[in-house]
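One structure is given here, and the rest of the page talks about it.
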2 protein chains.
Amino acid sequence: MKLDPISSCAACPIRHRAVCAECDARELALLAEIKSYRTFPAGAPLAAAGESLDHFSSIVAGCATMSRTLEDGRRQTVGLLMPSDYIGRPGRATSPFDVEALSEVTVCRFERRAFEKLVRELPHIASRLLTMTLDELDAARDWAVVLGRMTAREKIAAFLVSLARRQAVIEERDGPVGAVALHLPLSREAMADHLGLTIETTSRQITALRKDGLIEVPGKREIVIPDFEALALETGDDGDGGVIA
Amino acid sequence: MKLDPISSCAACPIRHRAVCAECDARELALLAEIKSYRTFPAGAPLAAAGESLDHFSSIVAGCATMSRTLEDGRRQTVGLLMPSDYIGRPGRATSPFDVEALSEVTVCRFERRAFEKLVRELPHIASRLLTMTLDELDAARDWAVVLGRMTAREKIAAFLVSLARRQAVIEERDGPVGAVALHLPLSREAMADHLGLTIETTSRQITALRKDGLIEVPGKREIVIPDFEALALETGDDGDGGVIA
DNA sequence: CGTCTTCTTGAAGAAGGTCAATCCTCGTGG
DNA sequence: CCACGAGGATTGACCTTCTTCAAGAAGACG
């Protein structure tokens with residue numbers, strides 16, 4: 001997906017969910033002056049743990065992982081970045097995690113210093129950034145429950161349920177009910193890293209869910225959930241604490 | 001620990017780290033008008049998942065856990081709240097998690113509506129809240145690495161290392177080096193819930209670390225780390241991505 | 001001094017990891 | 001058009017780690 005570098009924010013697919021969501025026309029004009037688009041191919045690094053990160057970027061299109069790799073090679077993905085999610089933060093010049101494009105990724109970005117100035121001077125930016133960060137914090141804590149206490153089967157189910165919910169938001173549909181088709185933006189290996197499992201266990205549990213009729217697997221990167229509520233029951237979580245993301 | 005309800009913010013132990021840290025004298029006076037202190041005994045619930053939460057509270061003294069319990073009783077702690085940490089958020093009337101006092105806890109709190117007004121009208125509050133939330137998000141993501149990829153032994157080591165670091169911050173000392181004494185604010189069960197382990201595995205790994213000379217255990221709630229760096233090496237993380245909290 | 005709670009230790013079992021072989025699927029080139 | 005090869009995915013066999021179930025020790029407290 002290519003975007004015209006000077007295209008209007010009005011046509012931006014993440015206009016109403018990204019860090020600019022609360023901005024008015026005047027503020028958007030200020031942003032447009034200093035924003036720039038950049039596209040990365042699948043597999044490209046968008047940031048590296050411990051390295052400098054000079055921009056604050058919002059994902060416009062595509063999908064990326066945020067992860068850390070331990071000295072001996074064990075990797076844990078700590079966030080799956082989808083359109084409207086951001087990379088970087090005001091007040092810090094290095095990234096604590098690796099960020100890697102899963103598919104071709106287009107970002108809308110600001111030079112760090114300039115963005116810090118925006119956060120200081122435009123309350124609509126600061127306010128939206130706070131809301132998004134609080135939401136991300138809740139999501140990260142929800143994910144800790146998945147990583148710490150769920151079985152392999154439940155982890156797979158929880159991941160598919162959360163992915164279906166996020167795709168619904170991105171495509172501006174209602175929350176998933178009944179039968180849902182899902183495209184997986186990750187390989188089995190990336191899923192395993194996200195779930196704290198091995199690739200073999202991930203594969204086996206997908207097969208098990210398929211044999212139990214809870215999912216169909218028409219292609220390696222395609223999942224059909226015939227009954228969303230039934231799959232959600234497999235997570236062991238009654239969901240009263242908020243949406244898992 | 002009891003605090004005078006009308007005591008001056010100037011003498012507050014979390015004055016320079018809490019959500020009010022960036023406020024000037026004039027702003028503190030505004031806060032003082034609407035703040036109230038409340039103390040909870042050990043074991044008391046400060047919030048319940050799915051229930052309404054009418055205040056934004058900062059922990060002044062004591063320690064609490066933030067957790068979720070699955071339908072079948074499995075529990076995962078998603079955050080260990082220490083002085084200066086906050087409970088609640090602007091724009092949301094219910095808590096996504098249970099919050100429970102581990103020791104006697106004193107909080108400084110604001111009625112939710114009043115706090116939302118503060119966030120809107122005092123940029124120093126909004127800015128500090130954003131910084132704290134971004135830090136919490138990094139910490140939650142760091143913890144995901146512990147939960148998802150570390151062994152039981154590494155989890156215990158990572159927890160003790162992170163606790164030592166946080167205690168140093170709270171007591172306004174330098175970061176831990178060499179020999180460090182540590183008071184555990186949690187029971188073995190609470191530690192297990194935090195680490196995604198059983199209480200038995202937690203106990204066994206503490207014993208193993210003791211037998212290996214990496215820690216001493218003078219009391220059930222007391223740990224001495226004779227060589228902080230040696231224990232940090234047991235976490236398998238080289239720490240280049242930021243402090244684990 | 002008993003009783004309750006918390007912690008520790010032991011033995012057995014299960015879940016998931018490791019190692020290894022095989023299978024797709026798709027792109028390439030003969 | 002079809003054989004070949006490479007990368008990812010699946011499956012199988014075995015093994016390690018952690019959990020489960022059970023019993024006992026150590027404090028804390030009336």
Side-chain angles (χ1 to χ4, degrees), chain A residues 41-43 65 70 72-76 100 102-103 146-160 182-212 215-223 234-236, chain B residues 41-43 65 70 72-76 100 102-103 146-160 183-212 215-223 234 236:
Chain A
T65 56
L70 300 182
D72 61 2
R74 283 174 289 175
R75 176 160 55 189
Q76 177 65 46
E100 187 181 322
L102 284 170
S103 57
V146 175
L147 291 176
R149 287 300 186 199
M150 288 194 184
T151 64
R153 180 188 179 92
E154 290 168 333
K155 284 178 175 182
I156 300 285
F159 172 69
L160 295 175
L182 209 52
H183 175 76
L184 298 178
L186 325 75
S187 66
R188 294 290 185 271
E189 184 172 23
M191 279 183 65
D193 285 342
H194 192 44
L195 296 167
L197 298 173
T198 59
I199 185 172
E200 294 94 332
T201 299
T202 302
S203 182
R204 274 188 256 268
Q205 295 300 331
I206 289 176
T207 301
L209 289 175
R210 179 172 57 70
K211 288 189 174 160
D212 291 346
I215 60 173
E216 291 156 24
V217 189
K220 289 183 195 305
R221 294 291 188 104
E222 306 300 324
I223 298 278
E234 289 293 315
T235 64
Chain B
T65 56
L70 300 181
D72 60 3
R74 284 174 289 175
R75 177 160 54 189
Q76 177 65 46
E100 187 181 322
L102 285 170
S103 56
V146 174
L147 290 177
R149 288 300 186 201
M150 288 193 183
T151 64
R153 180 187 178 94
E154 289 169 334
K155 285 179 174 182
I156 300 284
F159 172 69
L160 295 176
H183 175 76
L184 298 178
L186 326 75
S187 65
R188 294 289 186 270
E189 183 173 23
M191 279 183 64
D193 286 340
H194 192 44
L195 296 166
L197 297 172
T198 59
I199 184 172
E200 294 95 331
T201 299
T202 302
S203 180
R204 274 187 256 268
Q205 294 300 330
I206 289 175
T207 301
L209 288 175
R210 179 172 56 71
K211 288 189 174 162
D212 291 347
I215 59 173
E216 291 155 24
V217 188
K220 288 184 195 304
R221 294 290 189 104
E222 305 300 323
I223 298 279
E234 290 292 316

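Reminder, nothing fancy here: chain letters follow the sequence lines and each chain counts from 1. Below, all heavy atoms of this structure are taken into account, side chains as well, without hydrogens, waters or symmetry copies.
- At the heavy-atom level, Gly219(B) lies nowhere under 4.0 Å from the strands shown.
- A donor-acceptor pair is defined here as one N or O able to donate and one able to accept, closer than 3.5 Å; no such pair exists between the side chain of Glu154(B) and the backbone of Val146(B).
- Summary of the strand contacts: Ala152(A) and Lys220(A) both lie near DNA chain C, and taking for each the nucleotide with the nearest heavy atom, the more 5' one is attributed to Ala152(A).
- Per the geometry, CG belonging to Asp72(A) stands 14 Å off P belonging to dG17(C), to the nearest Å.
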- Message: If you apply the rule salt bridge (Lys or Arg N to Asp or Glu O under 4.0 Å), what do you find for Arg210(A) with Glu216(A), and how did you get there?
- Response: CA-CA 6 Å; Arg210(A) 179 172 57 70; Glu216(A) 291 156 24; over 6 Å; no
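- For the side-chain contact (heavy atoms from CB on, under 4.5 Å) with Arg153(B), the lone residue among Thr201(B), Leu209(B), Ile206(B) that qualifies is Leu209(B).
- Summarising the geometry, the separation between NZ on Lys211(B) and C1' on dT9(C) is reported as 9 Å, rounded to the nearest angstrom.
- What separates CD of Gln76(B) from C1' of dT19(D) is a distance of 15 Å, to the nearest Å.
- Looking at heavy-atom distances under 4.0 Å, Leu197(A) makes contact with sugar-phosphate atoms alone, never a base.
- Distance CZ (Arg221(B)) to P (dT8(C)): 11 Å, rounded to an integer number of Å.
- In this structure, Asp193(B) pairs ionically with Arg149(A), as a charged nitrogen and a carboxylate oxygen lie closer than 4.0 Å.
- The distance from atom CG of Leu209(A) to atom P of dT10(D) is 12 Å, rounded to the nearest whole Å.
- In terms of position on DNA chain D, the residue among Arg210(A) and Gln205(B) whose nearest nucleotide sits closer to the 5' end is Arg210(A).
- In this structure, Met191(A) places its CE atom 16 Å from P of dG8(D), rounding to the nearest Å.
- Among the protein residues, Ser203(B) comes within range of the nucleic acid bases, having at least one heavy atom under 4.0 Å from a base atom.
- Residue Thr201(B) is classed as a base contact, given a heavy-atom separation below 4.0 Å to a base.
- Residue-to-nucleotide contacts include a donor-acceptor pair under 3.5 Å from the side chain of Glu200(A) to the base of dC19(C).
- Here the P atom of nucleotide dC18(D) and the CZ atom of Arg204(B) are 11 Å apart, to the nearest Å.
- In this structure, Arg188(A) reaches the dT10(D) phosphate: one of its side-chain N or O atoms is under 4.0 Å from OP1 or OP2.
- Listed nucleotides dA9(D), dC18(D), dT19(D) differ in distance to Thr151(B); the shortest reach to its side chain belongs to dC18(D).
- Nucleotide dG16(C) holds its C1' atom 15 Å from the CG atom of Leu147(A), rounded to whole Å.
- For Thr207(B) and dT9(C), the shortest distance from a side-chain N or O to OP1 or OP2 is below 4.0 Å.
- Summarising the geometry of Ala158(B) relative to Met150(B), their closest heavy-atom pair is CB-SD, 4.0 Å, with the distance given to 0.1 Å.
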